[in-house]
Amino acid sequence: MDRNAILDFQDHLLQWFWANRRTMPWREVPSPYRIWISEVMLQQTRVETVIPYFQRFLAKYPTVADLAQSDEEELLKQWEGLGYYSRARNLRHAAQEILERFQGEVPQTFEELRTLKGIGEYTAGAVASMAFGQRVPAVDGNVYRVMARVTGCREDIAQGKTQKLLKAETLNVLPDHHVGDFNQALMELGATVCIPKGVPKCGQCPVKDHCEAFRETLQEEIPVKGKAKERRQEERTVLILEQAGRYAVRRREEPGILHGLYELPNVSGYYSKEEIQAMLAEKGMTALAMTALPEQKIVFSHLEWHLEGYQVKLKEEGGGYRFASLQEIRESFSVASAFQGYLTLLENEENALKAEGGETCR
DNA sequence: AAGCCGGGGAA
DNA sequence: TTCCCAGGCTT
């Protein structure tokens, strides 16, 4: 694009954004802290998913200092279900760093922001431009797609060199004023018009006159993406160990997936009742009764768990596990969603039992 | 550059 | 089912 085209592109995109921007809590009442938190929550996570978490989070941790002083387990409980739990740990760590190194104020430049845990190139650009007006790009998945179409890029956008090129193109069209709004406009366009799935709504696009893909009718061919790698498959057996209405849980250890979160006991591989009984006996536990549970499949981005399970009535607590009532588990422990299916099963069972109790009393 | 790290909505 | 989401960190 030449100079005049760029100015026209900027103008049309900004005008479109100001007329069509969606309402978001961190947009209506912005502050550097709120923008930072929202941007971290929005990493690989949809806006609609984030909003309720954001509201709860800000109510509980209204300032950098509150976050810095937070209890990690409580923080993870707040984060439960949002995924990518390192984000929460990094947020807390960064808050402590902001107190120590930046006098409690969110740093105002891309370079300083970039030194904080959990803030990479995208998030540093987003906070620097939106909160402080620094002229830096904020290139997320939306912007890669939009810019690939605008420039007619036929290369695989998953490749590093393609991304480098598209970041340079983005910087090239970045205005001197309203950078924050411009960056948000590119993302908003990608989320609502220049969409990733289905047919992009080019009829509604404010910059289609400057779009190479539209000019060549390649908007459904671009961006180019290589197909994803297959997920690793894992077979595991989950155990619901119950004793007097209390159930065994344990905290997942570092390193590895879901570390720091709670889970039901589980082991690698599939086993028969007898084998499970022997394993329990080895850890000094006696099974009084055992029933098989339905199979479940849990899909992560790079991994699949195929779960079998047994519900075991124990003679007494043991095995080094923590035992807690369902209510306590729900209220106090951050449990990975992979195990929520089995917890719900237990809940239904308890409710059915209560209902049955009601029947017999009648 | 590639692998790891979650969970959910939508087609 | 698959794709992808206002990505970052580690190896």
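Below, chains carry the letters A, B, ... as their sequence lines are ordered, and counting in each starts from 1. Below, all heavy atoms of this structure are taken into account, side chains as well, without hydrogens, waters or symmetry copies.
For the P atom pair drawn from B:dG3 and C:dA6, the interatomic distance equals 25 Å after rounding to whole Å. Using atom P as the reference point in both B:dG6 and C:dT10, the two lie 14 Å apart (nearest Å).
Applying the side-chain contact (heavy atoms from CB on, under 4.5 Å) criterion to A:His210, with sequence neighbours excluded, gives A:Met1, A:Ala5, A:Asp8, A:Phe9. Judged as a side-chain contact (heavy atoms from CB on, under 4.5 Å), and not counting sequence neighbours, the contacts of A:Asn90 are A:Ser86, A:Lys117. Applying the side-chain contact (heavy atoms from CB on, under 4.5 Å) rule to A:Leu171 yields the partners A:Arg135, A:Pro137, A:Leu174; only residues at least two apart in sequence or on another chain are considered. A:Phe57 meets the ring pair (Phe, Tyr, Trp, His ring centres under 6.0 Å) test with A:Tyr61; sequence neighbours excluded. By the side-chain contact (heavy atoms from CB on, under 4.5 Å) test, A:His259 pairs with A:Arg89, A:Glu254, sequence neighbours left out.
Atom CD in A:Glu230 sits about 14 Å away from atom P in B:dC4, given to the nearest Å. Rounded to whole angstrom, the span from the CE atom of A:Met147 across to the P atom of C:dA6 amounts to 18 Å. Distance OH (A:Tyr122) to P (C:dC5): 12 Å, rounded to an integer number of Å. Separating the CZ atom of A:Arg21 from the P atom of C:dA6 is a distance of 16 Å, rounded to the nearest angstrom. If you measure from atom CE of A:Met41 to atom P of C:dG8, you get 16 Å, rounded to the nearest angstrom. If you take CG of A:Leu303 and C1' of B:dC5, they are 10 Å apart, rounded to a whole angstrom. At whole-Å resolution of the value, CD in A:Glu188 and P in C:dA6 are 10 Å apart. Between the C1' atom of C:dG7 and the CG atom of A:Asn142 lies a distance of 12 Å, rounded to the nearest Å.
When the nearest nucleotides of DNA chain C are assigned to A:Met187 and A:Lys297 by heavy-atom distance, the more 5′-ward of the two goes with A:Lys297.
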* For each nucleotide in nucleotides 6-11 of chain B, reading 5' to 3', give B when a protein heavy atom comes within less than 4.0 Å of its base, S when such contact involves only the sugar-phosphate, and - otherwise. => BBBBB-
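Side-chain N/O atoms of A:Gln184 and A:Arg22 include no donor and acceptor closer than 3.5 Å. Looking only at atom types and distance, the side chain of A:Thr115 has no donor-acceptor partner in the side chain of A:Glu112 under 3.5 Å away. No side-chain donor from either of A:Gln69 and A:Gln96 sits under 3.5 Å from a side-chain acceptor of the other. With hydrogens and angles left out, the side-chain atoms of A:Gln43 and A:Thr123 include a donor and acceptor closer than 3.5 Å.
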Taking only distance into account, with no hydrogens and no angle test, what donor-acceptor pairs under 3.5 Å do side-chain atoms of residues 277-299 of chain A form with protein atoms, sequence neighbours excluded?
unit_1, atom_1, unit_2, atom_2, d
A:Lys283, NZ, A:Tyr321, OH, 3.4

Can you check nucleotides 1-3 of chain B for protein contacts, nitrogen or oxygen pairs under 3.5 Å, and list what you find?
unit_1, atom_1, unit_2, atom_2, d
B:dG3, OP1, A:Lys229, NZ, 3.2

Could you list all N or O pairs between the protein and nucleotides 9-11 of chain C that sit under 3.5 Å apart?
unit_1, atom_1, unit_2, atom_2, d
C:dC9, OP1, A:Gly118, N, 2.8

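Of the residues in residues 167-186 of chain A, none lies under 4.0 Å from DNA chain C by heavy-atom distance.
In this structure, A:Lys227 reaches neither bases nor backbone, as no heavy-atom distance under 4.0 Å exists between it and the strands shown. Within 4.0 Å of A:Met24, counting heavy atoms only, lies at least one base atom of the nucleic acid. Looking at heavy-atom distances under 4.0 Å, A:Thr123 makes contact with sugar-phosphate atoms alone, never a base.
Remark: side-chain polar atoms of A:Arg34 are not paired, donor with acceptor, to backbone N or O of A:Leu58 under 3.5 angstrom.
The hydrophobic side chain of A:Leu7 is isolated, with no ILVMFWY side chain under 4.5 Å apart from it. Grouping Ile, Leu, Val, Met, Phe, Trp and Tyr by side-chain contacts under 4.5 Å, direct or through others, puts A:Leu218 with A:Ile222.
With rounding to the nearest 0.5 angstrom, the CD atom of A:Glu304 is 4.5 Å from the NE2 atom of A:His306.
The phosphate of C:dC5 (OP1 or OP2) has a side-chain N or O of A:Arg145 nearer than 4.0 angstrom.
For an aromatic pair to be called close, the ring centres must be under 6.0 Å apart, and A:Phe54 with A:Trp26 satisfies this.
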